[in-house]
Amino acid sequence: VYDPAHPHALAVYCSDGRFTQSVEELLGALGHERLDTLTIPGGPALLDLTSSSMGALEALRSAATFLIKGHGITRVVLLAHAGCGYYKSRFPYESPEAMHRRQLSDLGRAAKWVKSEHAKIEVATFYASPEGKRVRFEEIDS
């Protein structure tokens, strides 16, 4: 069903299709039946140079700003997930524990950027982990 009004929530997450449906369900449970999305390998990692390249950083920040301003976004949800191929490719020698710490740190830095550039935006951060056939979302303080 087409609705001409833009959604007021933006989800930024990895393009790993194993998590797409669960992310949409999470946003629905948070009160957002419709959402704008920025899905790209690494997701919110690309909003900070710690785990991103300059080109990817500029592209994702520009796209996020466009959606936030142009669509009247009031809430941004940033999500990282266990077993992310982007992180495994970019940091092949890190342990799973170090990778997890890096992802949580990247979520915090991404949230900080959104808040500093878009002062009136509510930001939530989550870490997704598969549990059997379900996905568990852990809300991370940002």
Side-chain angles (χ1 to χ4, degrees), residues 2-131 133-142:
Y2 176 77
D3 181 343
H6 290 292
H8 293 289
L10 169 64
V12 181
Y13 60 103
C14 186
S15 54
D16 187 330
R18 298 174 296 173
F19 294 89
T20 303
Q21 183 176 351
S22 296
V23 168
E24 290 175 0
E25 290 171 3
L26 171 67
L27 270 286
L30 294 174
H32 303 287
E33 292 182 22
R34 298 172 51 241
L35 61 146
D36 281 348
T37 64
L38 282 174
T39 54
I40 187 165
L46 305 182
L47 290 172
D48 185 80
L49 272 176
T50 304
S51 295
S52 179
S53 68
M54 183 59 82
L57 173 112
E58 289 177 3
L60 200 64
R61 284 184 175 184
S62 176
T65 296
F66 171 83
L67 291 170
I68 290 167
K69 290 181 177 181
H71 291 183
I73 297 296
T74 59
R75 185 171 203 194
V76 174
V77 179
L78 307 169
L79 302 106
H81 70 87
C84 183
Y86 172 84
Y87 280 92
K88 287 179 181 179
S89 174
R90 190 139 174 99
F91 306 102
Y93 301 108
E94 283 195 356
S95 69
E97 296 79 17
M99 197 86 67
H100 182 250
R101 287 191 302 273
R102 177 183 291 277
Q103 287 178 282
L104 297 182
S105 180
D106 286 348
L107 280 171
R109 281 191 293 277
K112 183 177 179 180
W113 176 81
V114 172
K115 291 174 185 176
S116 70
E117 292 297 314
H118 307 283
K120 297 180 181 180
I121 300 296
E122 179 184 342
V123 180
T125 56
F126 291 89
Y127 187 80
S129 303
E131 285 189 349
K133 294 189 178 212
R134 303 281 308 152
V135 173
R136 181 178 62 84
F137 290 97
E138 174 188 358
E139 188 164 9
I140 308 299
D141 291 331
S142 56

| field | Residues in salt bridge (charged side-chain N to carboxylate O under 4.0 Å, His left out) contact with E97, at least two apart in sequence or another chain | value |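 Once residues adjacent in sequence are excluded, E97 has no partner under the salt bridge (charged side-chain N to carboxylate O under 4.0 Å, His left out) criterion.
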
| task | Could you list the residues that satisfy salt bridge (charged side-chain N to carboxylate O under 4.0 Å, His left out) with R90, not counting sequence neighbours? | result |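 Scan of R90 (salt bridge (charged side-chain N to carboxylate O under 4.0 Å, His left out), adjacent residues dropped) gives none.
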
Give a yes or no answer on whether the side chain of [X] reaches the backbone of [Y] with a donor-acceptor pair at less than 3.5 Å.
| X | Y | value |
| --- | --- | --- |
| S89 | G85 | no |
| Q103 | H81 | yes |
| T125 | I140 | yes |
| R102 | S51 | no |

Rounded distance (nearest 0.5 Å) linking atom [atom1] of [X] with atom [atom2] of [Y]:
| X | Y | atom1 | atom2 | answer |
| --- | --- | --- | --- | --- |
| T39 | D36 | OG1 | CG | 11.5 Å |
| C84 | Y13 | SG | OH | 13.5 Å |
| W113 | L49 | CH2 | CG | 12.0 Å |
| L60 | L47 | CG | CG | 4.5 Å |

| query | Do V114 and I121 have side chains that get closer than 4.5 Å, going by heavy atoms? | reply |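 When only atoms from C-beta onward are counted, I121 and V114 do touch, with a gap below 4.5 Å.
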
| Intermediate values then yes/no, side-chain contact (heavy atoms from CB on, under 4.5 Å), V12 and V77 | CA-CA 6 Å; V12 181; V77 179; over 6 Å; no

| query | Quick one: side chain to side chain donor-acceptor pair (under 3.5 Å) pairs with a partner in residues 53-69, sequence neighbours left out? | reply | T65-H118

| task | Quick one: list whatever passes side-chain contact (heavy atoms from CB on, under 4.5 Å) with P96, sequence neighbours left out. | result | none

Excluding sequence neighbours, so at least two apart, what forms side chain to side chain donor-acceptor pair (under 3.5 Å) with [X]?
| X | result |
| --- | --- |
| Y87 | D106 |
| S105 | R109 |
| R18 | D16 |
| E122 | R75 |

| request: Kindly state each residue pair satisfying ring pair (Phe, Tyr, Trp, His ring centres under 6.0 Å) with at least one member in residues 21-58, sequence neighbours excluded. | output: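 Sorted result for residues 21-58: empty, none.
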
If you look at every heavy atom in [X] and [Y], which pair is closest and at what distance?
| X | Y | value |
| --- | --- | --- |
| A111 | L78 | N-CD1, 3.4 Å |
| L107 | F126 | CD1-O, 3.5 Å |
| A128 | F137 | CB-CE2, 3.6 Å |

| query | For V76, which of I68, L67, L38 qualifies under side chain to side chain contact (heavy atoms under 4.5 Å, CB included)? | reply |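 It is I68; the other options fail the test.
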
| For H8, ring-ring contact (aromatic ring centres under 6.0 Å, His included) partners two or more places apart | none

| request: Name all residues meeting the ring-ring contact (aromatic ring centres under 6.0 Å, His included) criterion together with Y127; count only those two or more places apart in sequence or in a different chain, and write none if there are none. | output: H100

For residues 20-27, please give each side-chain donor-acceptor pair under 3.5 Å, one per line with the distance, not counting sequence neighbours.
residue	atom	partner	partner atom	Å
Q21	NE2	E25	OE2	3.2

| query | Do other residues, nucleotides or ligands put more than 12 heavy atoms under 6.0 Å from F66 CZ? | reply |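 Counting neighbours around CZ of F66, 12 or fewer heavy atoms of other residues, nucleotides or ligands fall under 6.0 Å, so no.
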
| Got a sec: does the CG of D3 have more than 12 other heavy atoms crowding it under 6.0 Å? | yes

